[in-house]
Novice: 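Following this message is one structure expressed as structure tokens.
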Amino acid sequence: MTELVKLKSISKSFGGIHALKSVGFDVRPGEVHALLGENGAGKSTLMRVLGGEMVPSHGEVVIDGKPVVFRDPRDARALGIVIIHQELALAPDLTVAENIFLGELPGVISHASLRKRAKDLIDRLGFKIDPGRIAGTLAVAHQQVVEIAKALSRDIKIIVFDEPTAVLAAQDAMKLHEIIRGLRDRGVGIVYISHRLEEVFDIADRMTVMKDGQTVGTVATSDVKIDDIIRMMVGRPISAMFPERGKRVIGQEMLKVEHLNAGRMVRDVSFSVRSGEIVGLGGLIGSGRTEVARVIFGADPLESGTITLKGKMLKPRSPKDAVEAGIGLVPEDRKQQGVILDKPIRVNSTMAKMSSVVNAFGFLKRTQERADVTALGKSLRLKASSVDAPVSSLSGGNQQKVVLAKWFHADGDVIILDEPTRGVDVGAKSEIYALVNKLAEDGKAVLVISSEHQELFGLCDRVLAMGRGRIRGELTPETYSEENLLGLSMTGGALTANQGGQA
Amino acid sequence: ADCKVGIAMYTLGAPYFAAQVAAAEDQAKKAGCEVTSADGQNDMAKQIADVEDMVAKGVNLLILNPRDPEGLVAAADAATTAGVKVVVMDSSISTKANVITQVRSSNDQNGYLVGQWLAKAMQGKPMRIILLSGDKGNEVGRDRRLGVFKGLVEGQLVNEGKVSFEVVGQGWGGWAHEGGLAAMEDLLTAHPDANVVLGENDSMVLGAMKALEAQGKTDVLALAAADGQKEALALIKDGKYGATGLNDPDLVARTAVDIGLKAVKGELPDNFPKLNLTTPDVITKDNVDKYYRADAVF
Amino acid sequence: MQPEEKTKVDYRSIIQRFGTLAIFLVLVVVATIWSENFLSRGNILNVLRQVASSAGIMAVGMLFVILTRGIDLSVGSVMALGSVLTGYFCAISGYGAVTTILMVLACGALCGLVSGGFIAYLRLPSFVMSLAMMAIARGLSLIISEGRPIPLDEAGAAFSRFGSGFLFGIPQPVLLMFAVFIVGGVVLNFTRFGRIVTAIGSNEEAVRLSGIAVPRYILAVYMISGVLAAVAGIISSSRTGVGSAQVGVGAELNVIAAVVIGGASLMGGKGGVINTLLGALVMGIIANIMNLAGVPGYHQQVYMGAIIVVAMLLQYSTGSLKR
Amino acid sequence: MQPEEKTKVDYRSIIQRFGTLAIFLVLVVVATIWSENFLSRGNILNVLRQVASSAGIMAVGMLFVILTRGIDLSVGSVMALGSVLTGYFCAISGYGAVTTILMVLACGALCGLVSGGFIAYLRLPSFVMSLAMMAIARGLSLIISEGRPIPLDEAGAAFSRFGSGFLFGIPQPVLLMFAVFIVGGVVLNFTRFGRIVTAIGSNEEAVRLSGIAVPRYILAVYMISGVLAAVAGIISSSRTGVGSAQVGVGAELNVIAAVVIGGASLMGGKGGVINTLLGALVMGIIANIMNLAGVPGYHQQVYMGAIIVVAMLLQYSTGSLKR
Ligand SMILES: Nc1ncnc2c1ncn2[C@@H]1O[C@H](COP(=O)(O)OP(=O)(O)OP(=O)(O)O)[C@@H](O)[C@H]1O
Ligand SMILES: Nc1ncnc2c1ncn2[C@@H]1O[C@H](COP(=O)(O)OP(=O)(O)OP(=O)(O)O)[C@@H](O)[C@H]1O
Ligand SMILES: [Mg+2]
Ligand SMILES: [Mg+2]
């Protein structure tokens with residue numbers, strides 16, 4: 001069988017870093033080839049080479065048996081190679097339709113026909129998104145759908161999905177997989193990158209595992225199990241994905257919110273979190289979970305309702321008030337809201353509590369800061385060259401750990417984590433779970449928002465189901481299941497039935 | 001008030017113009033008129049707009065100090081067509097413009113007198129002149145410096161029978177102290193042997209004198225082609241400043257307003273001259289007392 | 001769900017449009033109350049002509065540049081160069097009106113080509129590059145004109161008619177300005193070029209990854225800005241009858257202010273033609289009403305600054321503005 | 001592990017520093033060849049003094065503003081206001097030198113408070129807000145001075161000594177400039193304030209979500225810029241012996257150019273004090289060498305523009321510049 005693409009001993013270095021070391025990779029027509037590996041293993045970089053976005057230092061790209069040299073993305077595109085990027089690459093000020101057809105806009109545009117074509121395309125994908133809407137106002141998940149539609153708008157021979165499901169909820173991911181299977185059946189070569197190993201096993205025909213810029217091996221899906229793959233990725237088996245729940249002591253009520261209202265997405269929300277407890281907030285995308293977190297944190301204005309922190313009323317007008325009262329928020333959008341990419345780890349880690357690293361005159365105590373952050377980094381098992389390295393030089397999982405480090409350093413009583421493992425590799429994931437658990441063990445109240453329901457079930461003492469801005473029910477470990485959670489969040493009515501059934 | 005006077009200055013960015021507009025306003029108010037003034041901010045388009053706005057406002061008399069002799073012709077003509085009496089003061093306008101008259105001191109003739117004075121003052125000495133110009137492409141500045149050089153050439157020919165001077169460098173001071181100072185510092189470094197600093201107005205020379213003071217130079221003759229600013233006159237009195245041309249903004253402004261108001265009332269004779277020059281003079285230590293007023297605004 | 005979302009989007013964009021419009025309307029009302037002459041036909045044409053021959057036409061070019069996240073500080077100087085060259089080609093070289101216009105436009109495009117080339121291909125920051133072009137173009141216009149205005153005289157009769165002539169009772173420069181705005185609006189909203197320009201300011205990397213040659217578009221917007229600055233120069237010389245190196249001093253700030261008052265973001269990707277026109281008119285009205293109301297010269301700038309602040313607050317309060 | 005990465009980071013930042021330094025050194029060499037007077041002690045002090053009393057000191061304030069992703073166009077006007085008020089308070093109101101200085105600085109801070117307040121709390125775009133402040137401050141200085149320079153006379157003897165006086169053989173304004181740069185550098189690199197200011201320009205939202213009251217810091221940088229502009233005004237009036245509303249016209253563009261030539265990014269978060277000083281010196285040397293070499297007036301601007309382009313290319317070619 002002839003390969004559609006053959007990448008031969010590709011090497012790529014950035015300054016001193018060798019991101020790719022003589023990597024070989026191939027894709028056949030009509031197959032889904034998964035590319036796996038820890039954060040920073042070089043997956044995206046390899047695909048950038050394939051897409052003509054980067055020129056490799058060494059190596060050869062062979063398409064249909066012919067060696068090619070790409071000078072820019074256009075050359076790759078001309079050969080039918082399309083990449084859906086991990087980082088969303090939309091123009092936020094343009095409409096959905098314009099974004100989808102950006103690379104092939106006609107000289108003179110008829111918006112009506114453009115929108116119609118876009119609508120057809122999106123409909124075919126099974127989503128409902130107004131093609132005239134400004135892309136920047138869409139929820140991330142829908143932006144991802146637009147990216148996919150954009151890729152599918154062209155003739156494709158090879159398509160790369162770089163972590164397409166990181167921001168999608170379970171059903172949307174299923175829809176995407178249907179689309180991928182359709183493409184595969186048409187003979188398209190597909191590269192699929194994901195950190196969600198279950199779904200990879202579901203869809204991939206072959207898998208290639210990368211580590212530290214090299215390939216560890218390529219295997220057929222039928223020949224391996226998840227544990228084998230994890231071992232190939234991490235270099236050691238992971239004993240348990242989730243920490244034991246038992247060691248935590250649940251204490252008094254730390255955070256209590258009653259009848260919160262804010263905008264359309266927070267309607268009459270009440271719940272509480274106790275010391276040592278991990279509470280999950282689940283539901284469909286767009287159900288308003290992020291908004292609840294932001295209101296409690298003072299990032300968005302509160303319309304009505306009360307927030308009580310350790311028995312004291314809190315009316316946060318800005319995140320400053322919340323942080324001073326002892327609340328921390330790990331936001332869902334790491335790059336835009338969580339880290340300052342071009343600043344060192346050290347600076348990012350102490351941002352939320354600078355008082356501990358400055359003297360009475362506002363001068364920084366750098367030596368102490370460096371020591372503190374280095375120690376903190378060690379305890380979080382942060383993989384970084386030094387605490388002075390900019391966050392941008394870290395892998396996704398380690399960037400997330402920097403955000404966690406910030407709130408560990410701030411040492412508040414209540415920590416809210418919004419999608420804490422988005423785009424994080426399995427190894428780092430289990431480490432982050434352990435860290436979240438450690439927070440609770442230290443007596444903090446933890447609220448976790450996640451679209452990965454297994455994560456909520458594995459981590460939380462109880463899970464609140466949200467739908468359309470309301471809390472629609474609560475699950476306990478005995479009632480944990482995908483169906484129960486979805487049922488609750490879509491129709492609050494399912495609550496009694498399910499609970500009744502389980503009790 | 002039964003008369004509305006508009007004063008369109010091309011700039012208020014120098015004390016000279018501040019004094020001029022103040023005098024014009026004062027003169028018009030004394031005559032019982034309502035006065036509007038506008039600052040063209042050195043921008044021809046802005047000044048044309050100012051003129052148009054004043055016509056729209058319905059002024060009877062427009063006192064215009066034009067940014068450009070040609071560029072304001074259309075605007076002035078349009079105003080005249082709309083029934084406004086237009087008097088051009090201070091800066092010149094093309095003779096084809098349809099205006100009542102132009103009132104100004106003669107930059108050329110003032111400069112000429114200053115040049116002749118300079119020829120005499122430096123007689124027998126080699127002259128290395130640092131020239132401080134206002135801003136690039138300014139007609140007034142050109143008239144002034146060329147006037148001085150004309151007078152200088154003529155003076156040297158009469159006194160010595162030959163012409164010998166050197167302009168070692170030209171700096172641009174933007175008509176103001178600060179600019180004169182910075183330009184002088186650079187030029188003095190390049191030409192430490194310069195012995196004359198000639199400015200196109202007094203402010204720049206006053207600034208330049210700070211540079212001389214700072215370097216402890218006392219052997220450089222400072223003089224300006226025009227203005228007669230109070231501070232300069234005080235220095236002339238003390239013998240620290242050579243000479244300057246008489247360009248009394250007060251006199252020019254009041255004359256222009258008077259003529260204009262007469263025109264509004266229809267009292268102007270038909271053959272009134274199209275150009276009214278105030279008498280030129282060079283202000284030196286000999287005659288400074290005649291011009292120096294401690295309470296002058298300028 | 002879709003119709004619901006649809007209305008939401010349109011509502012936002014109406015609010016956005018409303019911002020600059022609100023400023024504009026409030027200003028018109030204030031001006032009318034302040035001076036009875038303001039709403040006279042003559043004065044309205046005055047304001048329009050003033051805007052057309054100062055910030056108006058150049059604002060369209062600046063909008064394109066700002067949409068790509070750039071800035072063009074050279075417009076005032078290129079306008080002066082355009083004015084001088086109009087005088088030079090027609091009065092000194094003796095070319096006809098059409099040849100002169102084409103050559104001046106070409107020179108404007110050339111200025112844009114140079115600054116745009118460095119910005120697009122060598123990735124120099126637009127602020128400094130256009131600042132350099134600002135100095136160069138002003139210097140060239142001074143050198144060419146030898147610092148003196150070049151009268152168009154008879155050679156330029158055709159020009160003068162254009163500058164101060166009327167068509168359908170509207171001054172010709174005003175008609176030209178409207179034409180430029182209409183063309184600009186069509187290009188921006190209904191052509192590939194316009195959408196890509198907006199997309200570049202919004203997310204340059206996304207555009208590049210869509211297989212589009214970004215530098216060409218960046219180059220093009222600076223050329224457009226250069227050409228429109230040259231147009232402003234031609235209008236200026238036809239209004240005044242001289243080619244002068246003194247026009248357009250400080251114009252860049254006014255032009256940028258018009259675009260920003262029109263709600264465009266200096267961070268790129270946001271801004272529209274209609275609002276830009278309104279922004280330019282707002283700047284024009286502010287200057288006009290001060291003269292009508294007889295605000296004394298020195299006070300005008302203070303009023304002007306204060307009015308700009310109030311105008312921006314108005315726009316801000318309608319929620320349309322993002323910093 | 002640590003040392004290896006350490007060198008990598010430092011290497012990059014050395015390259016970055018090297019960009020502006022390279023421009024500076026090349027320019028010095030060119031200037032020395034072009035005019036034998038350039039490297040004379042007197043001329044070097046000249047250049048330093050000119051830089052100190054024009055773009056130099058203000059560039060530090062502008063750097064702070066630009067680090068937060070803002071811009072301050074009002075510096076030239078606030079400088080003029082500072083100059084006028086120095087004359088007014090000391091010559092007309094008759095306050096002593098110290099009182100005068102304190103009051104002028106307070107007025108500079110007030111200007112910054114107003115523009116910074118609107119920018120930080122009401123989120124007006126800094127470009128337009130500071131443009132408005134530019135008009136207001138210029139207007140106020142014209143009104144206060146009635147358009148005339150206010151001579152400091154005897155009242156200002158203390159000032160004059162400062163402006164043109166020497167300490168350890170170095171002009172006092174130059175010493176002051178160095179002091180401002182040193183303090184600025186310390187604040188930027190070694191204090192909480194400096195760190196947060198830099199972080200805001202990199203990612204304002206992340207800083208806000210770390211529980212930091214961002215608007216206060218934004219307000220503060222405009223106040224710093226206002227105070228330093230007032231300092232420049234005081235220096236100007238002490239040098240020239242008059243308080244004048246004419247100083248600092250167009251200074252904003254030079255100041256911004258100095259900061260950008262110093263490698264700072266108008267997109268915020270990037271820039272340092274030493275490079276800013278070098279940037280200001282580059283601008284000063286360019287102006288100085290033209291006068292020394294006797295470049296004819298009209299050609300100066302063309303040369304200046306060309307030199308700026310070459311300088312930026314130099315910086316670009318060392319790879320330090322990101323658009
Ligand atoms: N433009 C760049 N400049 C410098 N280093 C880079 C650049 N792009 C990638 N790298 C580095 O190359 C390595 C591989 O990165 P890459 O993004 O390919 O990893 P990945 O396998 O896609 O990880 P993830 O699962 O987190 O997406 C990392 O160490 C990364 O920091
Ligand atoms: N910038 C925005 N402008 C307009 N609407 C938005 C914006 N961001 C989000 N929304 C809308 O707000 C709603 C809720 O947002 P969001 O998706 O963050 O909720 P969520 O429950 O936290 O879901 P998730 O975190 O899984 O994305 C959605 O309907 C979304 O379309
Ligand atoms: Mg990746
Ligand atoms: Mg969310």
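Chain identifiers are assigned alphabetically (A, B, ...) following the order of the sequence lines, protein sequences preceding nucleic acid strands; residue numbering begins at 1 within each chain.
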Novice: Should Asn203(D) and Lys335(A) count as side-chain neighbours, where that means a heavy-atom distance under 4.5 Å?
Specialist: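 A side-chain contact is absent here, since even the closest heavy-atom pair is not under 4.5 Å.
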Novice: Within a strict 4.5 Å, meaning less than it, do heavy atoms of the Phe363(A) and Val186(D) side chains meet?
Specialist: yes
Novice: If you look at every heavy atom in Gln337(A) and Leu209(D), which pair is closest and at what distance?
Specialist: CB-CD1, 3.5 Å
Novice: Taking the side chain as every heavy atom from C-beta outward, state whether Met354(A) and Ile196(D) have any atom pair closer than 4.5 Å.
Specialist: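 Yes. Closest side-chain heavy atoms under 4.5 Å.
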Novice: So, do Leu364(A) and Thr191(D) sit near enough that their side-chain heavy atoms are less than 4.5 Å apart?
Specialist: no
Novice: Are more than 12 heavy atoms, taken from residues, nucleotides or ligands other than Arg216(D), located less than 6.0 Å from that residue's CZ atom?
Specialist: no
Novice: Please name the pair of heavy atoms, one in Gly211(D) and one in Val323(A), separated by the smallest distance, quoted to 0.1 Å.
Specialist: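 Between these two residues, the closest heavy atoms are CA-CG2, 3.5 Å.
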Novice: Mind ranking Pro319(A), Ala322(A), Pro316(A) by heavy-atom pairs under 4.5 Å with chain D and telling me who comes out on top?
Specialist: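 Ranked by heavy-atom pairs under 4.5 Å with chain D, first place is Pro319(A).
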Novice: More than 12 foreign heavy atoms under 6.0 Å from CD of Gln336(A): is that the case here?
Specialist: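 Counting other residues, nucleotides and ligands, CD of Gln336(A) stays at 12 neighbours or fewer.
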Novice: I need the minimum non-hydrogen distance between Ser202(D) and Lys343(A), along with the two atoms involved.
Specialist: OG-NZ, 3.2 Å
Novice: Looking at Lys353(A), Lys406(A), Lys365(A), which has the largest count of heavy-atom pairs under 4.5 Å with chain D?
Specialist: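 The answer is Lys406(A).
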Novice: Charged N to carboxylate O below 4.0 Å: is that the case for Arg195(D) and Glu369(A)?
Specialist: yes
Novice: Given heavy-atom pairs under 4.5 angstrom as the criterion, report whether the side chain, backbone, both or neither of Val358(A) touches chain D.
Specialist: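 The side chain, not the backbone.
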Novice: Has the side chain of Arg208(D) got a donor or acceptor atom that lies under 3.5 Å from a matching backbone atom of Lys320(A)?
Specialist: no
Novice: Is any side-chain heavy atom of Met351(A) closer than 4.5 Å to a side-chain heavy atom of Ile212(D)?
Specialist: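 Yes. Closest side-chain heavy atoms under 4.5 Å.
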Novice: Tell me if the NZ atom of Lys21(A) is crowded by more than 12 foreign heavy atoms within 6.0 Å.
Specialist: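 Result for NZ/Lys21(A): enclosed.
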